Q: 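Pasting a structure below so you can have a look.
On a predicted model such as this, the values are computed, not experimentally measured, just so you know. All ligand and atom numbering here is 1-based and tracks the order in the structure. Along the sequence shown, the residues carry numbers beginning at 1.
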Amino acid sequence: MFLDRVSWSLFGPPFKRDGSDPADLVVANADIFTSDIANPRASAIAVRDGRIVFVGDEGGAAVHVGPDTRVIDGKGRVMTPGFIDNHCHVVWIGGMTAIMTTRLMEATNLDEMLQMVLDQSRANPDLPYVSGVGWRFEYAPGGAPDREVMDAVVSDRPVLLMSICGQCGWINTRAAELLEERNPQALRRLAPRLDSTGACVGALDHFHSFSPLDFFSGEEMAPVFASAVPEAIAAVMDEAVSVGVTAMDDVQFYRPFVPWVLKYRGGGIFDKVRLRGSLYVDSHDLEDEGRLRDDLAWWIDMGRESDERLTLGRSLKFYIDGTMGNRTAFLLEPYADEPGYYGRPDWTQDEFDRVIEIVDGMQLQACTHACGDAGIRRVINSCERAHKMHGDWDARHRLEHCEFPTPGDRERMARLGMHAAMQPAHSFGDELVERFMGHERMQGWHPWRSLQNAGVSVSFGSDWCNSPLNPVYGLLLATTRMNYKGKTDWGPEEKIDIEDAVRHWTIDSARALKMEDDLGSLEKGKRADFVIWNTSPLKVSSWWFMLTHELELGKLENFVDLTAVNGDIVYEKEA
Ligand SMILES: [Zn+2]
């Protein structure tokens, strides 16, 4: 039996329901992009026990339609594998949004931002500290966060705010005192900027490694962790499936938070999605190698807690450098605005060699934040060395962001099987990036096409909450290279085809998570995670799309009709 789309919509489901090999679910009459290069397009799939048993057309699917098979009419719409976000902060930061306002991202100047901080303080008198995420360097007087500016709005309680890039903290005097008093060692890890007298000026350059559990007691934090945090995480999970994301890599778990994550799982928080967590390793951890080894062994042991939805114990997160906007990305050539300044690496080559030797020897995957070309080279050097020492195993060490790899280093990445875990929304940039880098150098930023051509495995994600979870926004930027100026003058030849961009967000992200045997494409034997779209993500770079949608950051609407995980519908757009 073969049925074309017109006859389906005119006459309804054509299946006789006498299939000899019934499945639980059949989706038919869909325009399926499978992300499977060997079999790229189809119109029907069948699912049994959560896995795909057939991919093809309606004629082939008929045998899988029995009396009890659920049949979904795809109505000719585009269907893709569930999107897999290669790098985001949905659990840790997602949970912390329970106490951390994200409104600061909407501020357009310093006064607006300070007013939001004051509002946050007044609205939450019982929280141990005032927190928020999203301040921009443009707001800091002279580009450097100043504690006294913050004291002017809130001085009687600690204020701790994360920058939009997630790297830098802006704190008030009360916070500086409290951090110093309660845990000076942990404060040192946050890299406070000091004045000539040794006092903290109010900026913490390594705020990405801030954990309130280092400074506030269990009793102080427990009320928050017990209910507000899991509620906030659940809200992010709901948002993920509503925009077609079915699996995510939360690249920054802290050891004291892991027992909470397990508790939340027991409460059903991951029932709709799949999540992998990567344990954060700080550049100071090598100072006590025995303890570091214990932590890593503990993490590997946590792998036994993994199930079909939650994966632990396999991957680690490092930072080799910071970001361009914070002028902490580590560069081979000096910053354009300051001769002789190359940015700041978090680890020396020797230190990073040593830590990668340890983790590669324990067969853990290293996912290292590396933005600048010098930072990227340092990570590749360490991985190359470990590879020589330990030989071939399926390491797939990742460079997170991988914004400025030199041509030679792209070749080395390909040779070593290293993976570029990129987030196209970052390519939107801002004024500071171009000022610090110089227009010339911007041509090699986010070189997606060059990486592809070099044979490097590239995957995509959002870095939420740094950019929206909705992958359509990143797909648009990957295929147009439009930047914050509304121009395409930063390496326009590096834009890529939409099919490649979708594969980077599906099958290639599955590879980044080492889950491609189960996830990432609609193929027989894989788990039935899929999305049916009411607006085709394959058309985002078309004039039609750009002329008919509001493209502003965070304002793209939800284009998903239905999201399924293991063939179970986890999101359905209300009619
Ligand atoms: Zn990140």
Q: Among Arg511, Arg396, Arg527, find the residue that satisfies the salt bridge (charged side-chain N to carboxylate O under 4.0 Å, His left out) test when tested with Glu516.
A: Arg396
Q: What atom name does the N, O or S atom of Asp463 nearest to the Zn ion (ligand 1) carry?
A: OD1
Q: Measure from the Zn ion (ligand 1) to each N, O or S atom of His87 and report whether any distance is below 2.8 Å.
A: yes
Q: Has Cys88 got an N/O/S atom less than 2.8 Å from the Zn ion (ligand 1)?
A: no
Q: Both conditions, 6.0 Å and 45 degrees, for the charged tip of Arg481 above the ring of Trp448: are they met here?
A: yes
Q: Does the structure place the NZ or CZ of Arg378 under 6.0 Å from the centre of the six-membered ring of Phe330, at an angle of no more than 45° from the ring's axis?
A: no
Q: In terms of side-chain heavy atoms, does Glu434 have a donor or acceptor partner in Tyr484 at a distance below 3.5 Å?
A: no
